[in-house]
Q: 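Before I ask anything, here is the structure I am working with.
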Amino acid sequence: MKLMIAVPVYNRKKYLNTIVKSLKECDCINEASIIVFNDCSTEFDETYLKQIFKELNANVVTRLRNLRADRNNYKIMLDFLNTNNDVLFICDSDLLLRPDTLKFIQSDFERTDGFLSVYNSDFHRDVYFDGEFVYKQDVGFAGICLSRDLVKSFVLKQKETPRSMDFKLSSFLIKKGIRLMVPKNSYVQHIGFDGQNCNNKSVDFSSNFVPLSSFNKEIIDEIMPIVLKRQAEMIQYLLFKDKYKRCGFMVHQPRKYFAQNMLFKKLEKIYSTSYPINDKEKRYL
């Protein structure tokens, strides 16, 4: 299996050393091809990226204009189809990887339907528990692995560059009957709390990431005060803001709310019927 690691980059220079060192620690890193996709960063240039990723033998592609996250990820898919690789792994520049991440992808990807996320984000709802995996209702783009066939079929389905790419992809995969499989214990951790898709109130964080190296532990110790502070701020926001703002999701988007719950129940039924597990192991998430 030929694995391509795509690293989308836009500014946030402070995270680059972390992702580089994290990738260097990974087992089997020499068996993967790495391409850095620079979305017209203003904090550094292509020369800097080539220098910092030099030891990883990474190629650097610089966009002609700033595409922003969704369009850059869509273009990454198109670029992937022009390579001879079998699996695309989208590894955001603000992720911390366990040393065994790539080894896990290489060994377990065949157990999937062509989709695997190695990031068990608390932001994305668990539907079903199956051994060491959970099946999600939707997923983000950070840490996902896609087979060539799925990338091709998704790209061909789009009439234009889609917005909200992660939810469009999740919806597309579910309609195709593809399980959104994620390991219970996350293999990557999100460490960036500022960016195009961050709102500075909530924290996209996995509570099931087990750091397996001293470098992993060092970074987790570094970010935990930020995580706890953000969580406290979010609780304060929910408790003391006006009640309509607190319930804004229900007040302003009731159709979306109920549609998501209907989808959850439908998926739960499909998963439990198609992939039954031993009653002794079953638990509700």
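Residue numbers count from 1 along this sequence. Values below: every heavy atom of this structure, side chains too, minus hydrogens, waters and symmetry copies. Note that the coordinates shown come from a computational prediction; the quantities given were computed from them, not determined experimentally.
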Q: Does a donor on one side chain and an acceptor on the other come within less than 3.5 Å for S206 and N208?
A: no
Q: Ring-plane angle category for Y135 and Y128, please: parallel below 30°, perpendicular beyond 60°, tilted otherwise.
A: tilted
Q: Do S213 and E25 have a side chain donor and acceptor closer than 3.5 Å?
A: yes
Q: Determine whether a donor-acceptor pair (N or O, by modelled atom type, separation under 3.5 Å) exists between the side chain of N11 and the backbone of T42.
A: yes
Q: Do you see a donor-acceptor pair shorter than 3.5 Å between the side chains of N72 and D39?
A: no
Q: Please check: side-chain N/O of N38 versus main-chain N/O of S41, any donor-acceptor pairing under 3.5 Å?
A: yes
Q: Has the side chain of S186 got a donor or acceptor atom that lies under 3.5 Å from a matching backbone atom of N120?
A: yes
Q: Measure from the side-chain N and O atoms of Q189 to the backbone N and O of F209, and report whether any donor-acceptor pair falls under 3.5 Å.
A: no
Q: If you draw the axis of the six-membered ring of F37, does the NZ or CZ of R63 fall within 45° of it and under 6.0 Å from the ring centre?
A: no
Q: Using atom types as modelled and distance alone, determine if a side-chain donor or acceptor of T273 lies under 3.5 Å from a backbone N or O of K269.
A: yes
Q: Looking at V61, is its backbone amide N or carbonyl O close enough to the side chain of E46 to form a donor-acceptor pair, meaning the two atoms are under 3.5 Å apart?
A: no
Q: F109: what forms a ring pair (Phe, Tyr, Trp, His ring centres under 6.0 Å) with it, not counting sequence neighbours?
A: none
Q: Of the non-hydrogen atoms in G140 and I144, which two are nearest, and what is the gap between them?
A: O-CG2, 3.1 Å
Q: Given 3.5 Å as the limit, does a donor-acceptor pair link the side chain of S22 with the main chain of L97, or not?
A: yes
Q: Judged by atom type as modelled, is there a donor-acceptor pair below 3.5 Å linking the side chain of D45 to the main-chain atoms of Y48?
A: yes
